Visitor: 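Before I ask anything, let me first share the structure, which is written out below as structure tokens.
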Amino acid sequence: MGNIDINLLKMNQTYTAKQLAGLWGYKSHHALVKGVFHPKNSDIIILFVTKQRQPGTTQFKNELRGNIIKIEGADKHGTDQLLQSNLGNPKDKIYLFYREKHTLPFTFLGKVHLIQSWIHSSKSSEFEFFIENFESIEDDMALLDYIIHYDENLSISLDVMCQAAKNLTYHLKCERDINTREKVIQIHGTNCAICGFNYARTYGKDIAKDFIDIHYIGNPEAKKAPDIIRDFIPVCANCHRMLHHKRSHNIDVNDLKKRADYYKKEPDYEQMTFHFDQI
């Protein structure tokens, strides 16, 4: 029998089932990839999720959106109770391997939390998980929408999500508050604080007057209301996207401004690599 050591894995690294079997000391890889793998006498559950399975096999409706993944359970309901027992007060640590197609290796996406479930008897049950790993997803708009419109009446509280998610929730609520945005524009104007871009100057005031994003640079864990002057800056959509490029943390405003200034002067920018100690 193998020994499952999660610490041997690298986040966002791809693995074949055979590689994992060898890494964990299993003679065969078949037991590992049946969807829900629960090593005997352990507090670990491993999900092997394939969106497009091999032709001729049962095709489950598995959907990955942002940092939320919704999967169907085994059609014979053999793992329903195992997963359901981890809703609310989890007793097991659950980890996720995901792949788009059966011919591809799995990507290790790290630890997940069961946040909703729909138990059925006449069809496969459904389970929804939150993925802690913020760096795993290219498009996080689904995650942002999920958190901002989070239903507090769900059976599990927002505390199940990692601290980074809660910080991001606060961050986005600050940025999307209409009254705050109007005050920030009145004080700081509509030029991007990173690159200087102005929408009205480029596209005309008739369609782009006061058109700008605001970016929160305050401390989300501070126990006081944000300061309009100190905690916000106006930014264009491009720079705002770059500031949020790392899901687990924001890129520093001054560092991004140095990058923008540096690459404007470089004609062969595609071949250049910026180092902060250059300036």
Side-chain angles (χ1 to χ4, degrees), residues 12 65-67 131 133-149 161-222 224-279:
N12 304 319
R65 296 180 64 249
N67 281 61
I131 305 170
N133 176 17
F134 271 66
E135 306 304 325
S136 64
I137 307 301
E138 286 298 322
D139 185 2
D140 59 356
M141 294 309 296
L143 165 67
L144 308 189
D145 182 72
Y146 184 94
I147 294 177
I148 291 173
H149 299 96
M161 299 184 179
C162 59
Q163 186 61 42
K166 289 187 283 186
N167 289 347
L168 181 58
T169 305
Y170 179 78
H171 181 109
L172 292 168
K173 285 182 177 179
C174 288
E175 290 185 351
R176 297 186 181 190
D177 183 272
I178 296 176
N179 293 328
T180 298
R181 182 179 177 279
E182 290 179 351
K183 293 176 183 177
V184 171
I185 290 175
Q186 289 175 2
I187 295 172
H188 295 293
T190 55
N191 289 341
C192 176
I194 304 297
C195 69
F197 183 81
N198 185 288
Y199 283 93
R201 189 182 305 128
T202 302
Y203 303 113
K205 289 186 177 180
D206 56 325
I207 64 170
K209 184 178 183 296
D210 294 338
F211 197 92
I212 196 73
D213 290 355
I214 62 170
H215 178 63
Y216 178 66
I217 57 175
N219 180 7
E221 298 183 28
K224 56 183 179 180
D227 184 278
I228 298 297
I229 297 176
R230 185 185 66 247
D231 292 339
F232 296 91
I233 58 171
V235 290
C236 69
N238 285 342
C239 289
H240 204 183
R241 183 67 173 174
M242 287 293 98
L243 288 167
H244 286 284
H245 181 60
K246 296 292 185 182
R247 275 78 182 170
S248 57
H249 64 279
N250 293 326
I251 295 176
D252 182 78
V253 169
N254 291 327
D255 287 346
L256 190 64
K257 191 174 188 308
K258 287 180 181 180
R259 283 180 173 272
D261 292 341
Y262 175 77
Y263 281 111
K264 282 179 183 178
K265 302 172 185 176
E266 289 296 337
D268 197 19
Y269 66 92
E270 290 184 345
Q271 305 300 320
M272 302 297 294
T273 300
F274 181 85
H275 299 286
F276 290 118
D277 56 4
Q278 290 179 320
I279 297 180

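Here the structure is a predicted model, which is why all the values come from computation and not from measurement.
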Visitor: If you look at every heavy atom in Ile251 and Met242, which pair is closest and at what distance?
Guide: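 For Ile251 and Met242, the tightest heavy-atom pair comes out as CD1-O, 3.1 Å.
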Visitor: Taking atom CG of Asp213 and atom CD1 of Ile233, what is their separation to the nearest 0.5 Å?
Guide: 10.5 Å
Visitor: Nearest heavy-atom pair of Phe232 and Asp227: which atoms, and what distance?
Guide: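 So the minimum-distance heavy-atom pair works out to CD1-O, 3.8 Å.
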Visitor: Would you find more than 12 non-hydrogen atoms of other residues, nucleotides or ligands less than 6.0 Å from Ile178 atom CD1?
Guide: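 No - once you tally the heavy atoms of other residues, nucleotides and ligands closer than 6.0 Å, there are 12 at most.
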Visitor: I'd like to check Asp255 versus Arg259 (side-chain heavy atoms, cut-off strictly below 4.5 Å). Are they in contact?
Guide: no
Visitor: Could you state the interatomic distance from CD1 (Ile207) to OH (Tyr199), rounded to the nearest 0.5 Å?
Guide: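 Atom-to-atom, Ile207:CD1 and Tyr199:OH are 11.5 Å apart.
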Visitor: When rounded to the nearest 0.5 angstrom, what distance separates CG in Leu256 from NE2 in His215?
Guide: 9.0 Å
Visitor: Taking all atoms of both residues into account, what is the closest heavy-atom pair of Ile214 and Val235, and its distance?
Guide: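 Nearest pair, atom of Ile214 first, then Val235: C-CG2, 4.4 Å.
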Visitor: What is the minimum heavy-atom distance between Cys195 and Cys236, and which atoms define it?
Guide: SG-SG, 3.8 Å
Visitor: Please tell me if the side chains of Phe211 and Thr190 come closer than 4.5 Å, counting only heavy atoms from C-beta onward.
Guide: no
Visitor: As an exercise, state the distance from CD1 of Ile212 to NE2 of His240, rounded to the nearest 0.5 Å.
Guide: 10.0 Å
Visitor: Looking at every heavy atom in both Pro234 and Asn191, which two are closest together, and how far apart are they?
Guide: CG-O, 3.4 Å
Visitor: Can you find a heavy atom in the side chain of Gln186 that is under 4.5 Å from one in the side chain of Ile228?
Guide: no
Visitor: Going from NZ on Lys258 to CG on Asp252, what distance comes out if it is rounded to the nearest 0.5 angstrom?
Guide: 8.5 Å
Visitor: Working to the nearest 0.5 Å, report the span between NZ of Lys257 and CG of Leu243.
Guide: 12.5 Å
